[in-house]
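Data block below; observations after.
Here the structure is a predicted model, which means the values were calculated and not measured.
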Amino acid sequence: MRRSAILGTGFCVPDRVVTNDDLAGLMDTSDQWIRERTGIEERRWVTEGQTSVDLALPAARQALEAAGMQATDLDAIVFATSTPDHFCPGNGVYLQRALGAGHLPALDIRTQCSGFVFGLSVADAWVRAGQFERILLVGEEIQSTGMDLSTAGRHTAVIFADGAGAAVLGPVPEDEDRGILGFDLHTDGDYAEKLWVDAPGSMYHPRISEAQLARGAQWLQMDGRDVFRHAVTKMPESATAAVTAAGYTWADVNLLIPHQANLRISEAVQKSLKLRDDQVYNNIMRYGNTTSATIPIALDECVRSGRLKRGDLLVLTAFGSGFMWGSCVIRW
Ligand code: COA
């Protein structure tokens, strides 16, 4: 059976830099608190009127260029986001329109922080099944418009941010010994309300009311301690399961890119897997937690800086809202 491989990557973050001191001007927090608890030094937020396409399109174009392809070479789009511009249609539709790629299928998937890993599994399966050959996968989020920027929302507002990362996938012959080797994917809906946005929602009529707005049901809500506790156990568990299923051990792994939830979580994952610093990549200091975009942004930085080289064994692992978590092993 043939394999799929990532043939090109790219990313785009908004120009607007928001420092910890900027946040301290909006809410009761401090640069020291944010650095100590999350490792974040600054993040990027959109300015009013910027859309998902404004971030996803440049990321997609970079990924296409790196893959040596045109938009018209694509057969499908998979768009991972938990923060679509509109309730419907999905962000993939707007990206298809902006790309000028023809009437190709564009599928949105909503698996939050695990969006890129779950999206990769969909794209990989399509390529392997021969249904589509060349697929654009995007992880993109605009979180800044969905956070309570008062002191009441400070435990989430200091963490989440905006950005987009993209990858182009295509088939490679199995004898080339590169490409996506396998996945480990999970969901535990018992924790659905531990990291969620209650409204607007179609179980309400109207989908959001004055009373809901007044109590902040439209803002991202998080039980930070529960998220932390589960993330530091589920990511190492899942990543190890994926590495083992692919027939390797951690000694074989050149690079782990963990979802950039929080630097303390990444450090705990590294410690529990007993990995060296050169085996783990973090960039949350500069971008915050961009949900489904963290992994493809980090991936593009690793590719362009030479941190990830052809032949390397790469592991991606993610954990987030749902709870949903998963991992992927790739021979680069
Ligand atoms: N600035 C200053 N103080 C803050 C603050 C902020 N931004 N956010 C919370 N606090 C305060 C709390 O109000 C609390 O004050 P109190 O003791 O007077 O009640 C104190 O800091 C400790 O709050 P707590 O929530 O217990 O802190 P914590 O040590 O659990 O750290 C998180 C909070 C959010 C940093 C931590 O729980 C975390 O990192 N969780 C994981 C979050 C994450 O990664 N989410 C993404 C998943 S994809």
Side-chain angles (χ1 to χ4, degrees), residues 11 13-48 82-83 112-113 141-163 165 194-197 216 219-236 256-295 297-298 301-302 305 307 317-321 323:
F11 83 92
V13 290
D15 291 337
R16 179 181 165 206
V17 176
V18 178
T19 65
N20 294 342
D21 286 334
D22 292 335
L23 293 182
L26 297 171
M27 62 193 80
D28 182 10
T29 189
S30 67
D31 178 52
Q32 190 191 352
W33 194 97
I34 300 170
R35 280 177 197 250
E36 280 178 10
R37 306 289 177 115
T38 72
I40 299 167
E41 294 166 18
E42 60 182 40
R43 76 284 291 140
R44 304 298 184 95
W45 285 1
V46 292
T47 47
E48 202 174 338
S82 61
T83 54
Q112 301 73 247
C113 294
E141 305 283 347
I142 295 178
Q143 288 286 8
S144 59
T145 54
M147 298 188 300
D148 179 354
L149 303 184
S150 74
T151 296
R154 63 184 176 173
H155 63 296
T156 52
V158 301
I159 291 177
F160 293 93
D162 308 337
K194 295 289 182 181
L195 182 48
W196 74 317
V197 182
W219 305 129
L220 183 65
Q221 312 283 341
M222 176 177 74
D223 180 334
R225 291 205 164 179
D226 245 358
V227 171
F228 198 103
R229 201 161 49 84
H230 283 81
V232 298
T233 52
K234 295 302 182 195
M235 285 206 280
L256 169 71
I257 300 180
H259 163 54
Q260 302 290 291
N262 176 321
L263 191 60
R264 305 299 157 239
I265 291 177
S266 293
E267 287 168 348
V269 169
Q270 176 178 345
K271 195 172 166 201
S272 105
L273 294 172
K274 302 185 175 62
L275 299 179
R276 302 181 307 272
D277 286 352
D278 66 280
Q279 286 177 292
V280 184
Y281 187 75
N282 290 302
N283 63 6
I284 191 169
M285 308 68 109
R286 287 175 281 128
Y287 303 121
N289 177 339
T290 56
T291 317
S292 66
T294 73
I295 289 178
I297 292 174
E301 287 193 339
C302 289
S305 67
R307 181 90 185 249
T317 188
F319 178 92
S321 162
F323 292 150

CA sep, side-chain torsions, deciding dist, call: Met222, Leu195, side-chain contact (heavy atoms from CB on, under 4.5 Å):
CA-CA 4 Å; Met222 176 177 74; Leu195 182 48; 3.5 Å; yes
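- Summarising the local packing, CG of Asp15 is surrounded by 12 or fewer heavy atoms from other residues, nucleotides or ligands at distances under 6.0 Å.
- In terms of heavy-atom proximity, Ala157 sits nearest to Met27 at CB-CE, 3.8 Å.
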From CA spacing to verdict: side-chain contact (heavy atoms from CB on, under 4.5 Å), Phe323, Lys234:
CA-CA 10 Å; Phe323 292 150; Lys234 295 302 182 195; over 6 Å; no
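- Between His230 and Phe319, the ring-plane angle classifies as parallel under the 30° and 60° cut-offs.
- In summary, of the residues considered (Asn20, Ile159, Asn289), a side-chain contact (heavy atoms from CB on, under 4.5 Å) with Thr38 occurs for Ile159 alone.
- Taking NE2 of His155 as the start and CG of Asp223 as the end, the distance is 8.0 Å to the nearest 0.5 Å.
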Test side-chain contact (heavy atoms from CB on, under 4.5 Å) on Met147 and Phe160 and set out the steps.
CA-CA 8 Å; Met147 298 188 300; Phe160 293 93; 3.5 Å; yes
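- Within the 3.5 Å criterion, the main-chain N or O of Ser82 finds a donor-acceptor partner in the side chain of Glu141.
- Atom CG of Asp31 sits about 9.5 Å away from atom CG of Leu23, to the nearest 0.5 Å.
- Arg154 places a side-chain N or O within 3.5 Å of a backbone atom of Asp28 that can act as its donor or acceptor partner.
- Rounded to the nearest 0.5 angstrom, Thr145 OG1 and Trp219 CH2 are separated by 8.5 Å.
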Working note: Thr290 + Val13, criterion side-chain contact (heavy atoms from CB on, under 4.5 Å); need CA distance, chi angles, decisive distance, verdict.
CA-CA 10 Å; Thr290 56; Val13 290; 5.5 Å; no
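- The closest side-chain heavy-atom distance from Val280 to Val269 is not below 4.5 Å.
- Note that CD1 of Ile34 is 12.0 Å distant from CD of Glu42, once rounded to the nearest 0.5 Å.
- At least one donor-acceptor pair under 3.5 Å links the side chain of Arg16 to the backbone N or O of Val46.
- Using a 4.5 Å heavy-atom cutoff, the side chains of Ile284 and Ser266 are not in contact.
- For the pair Cys302 and Ile257, the tightest heavy-atom approach, listed with the atom from each and the gap, is SG-CD1, 4.1 Å.
- Taking CZ from Arg307 and CD from Glu301, the interatomic distance works out to 10.5 Å, rounded to the nearest 0.5 Å.
- Salt-bridge annotation for Glu41 and Arg35: present, with a side-chain N of the basic residue lying under 4.0 Å from a carboxylate O of the acidic one.
- Among all heavy-atom pairs drawn from Gln143 and Thr291, the shortest one is NE2-OG1, 2.8 Å.
- Exactly one residue among Ile295, Thr294, Asn282, Ile265 makes a side-chain contact (heavy atoms from CB on, under 4.5 Å) with Pro258. That residue is Asn282.
- When every heavy atom of Ala161 is checked against every heavy atom of Gly288, the shortest pair comes out as CB-CA, 4.4 Å.
- In this structure, the side chain to side chain donor-acceptor pair (under 3.5 Å) partners of Asp148, at least two apart in sequence or on a different chain, are Ser150.
- With rounding to the nearest 0.5 Å, the separation of CG in Leu26 from CG in Asp21 is 11.5 Å.
- Formation of a donor-acceptor pair under 3.5 Å by the Thr83 side chain with backbone atoms of Ile142 is found in this model.
- Across all non-hydrogen atoms, the minimal contact from Arg264 to Arg37 is CG-O, 3.2 Å.
- Judged by distance alone, with hydrogens and angles left aside, the side-chain atoms of Arg43 form a donor-acceptor pair with the main-chain N or O of Val158 at under 3.5 Å.
- With sequence neighbours excluded, no residue satisfies side chain to side chain donor-acceptor pair (under 3.5 Å) with Ser272.
- Nearest heavy atoms, Asn283 versus Gln260: N-OE1, 2.8 Å.
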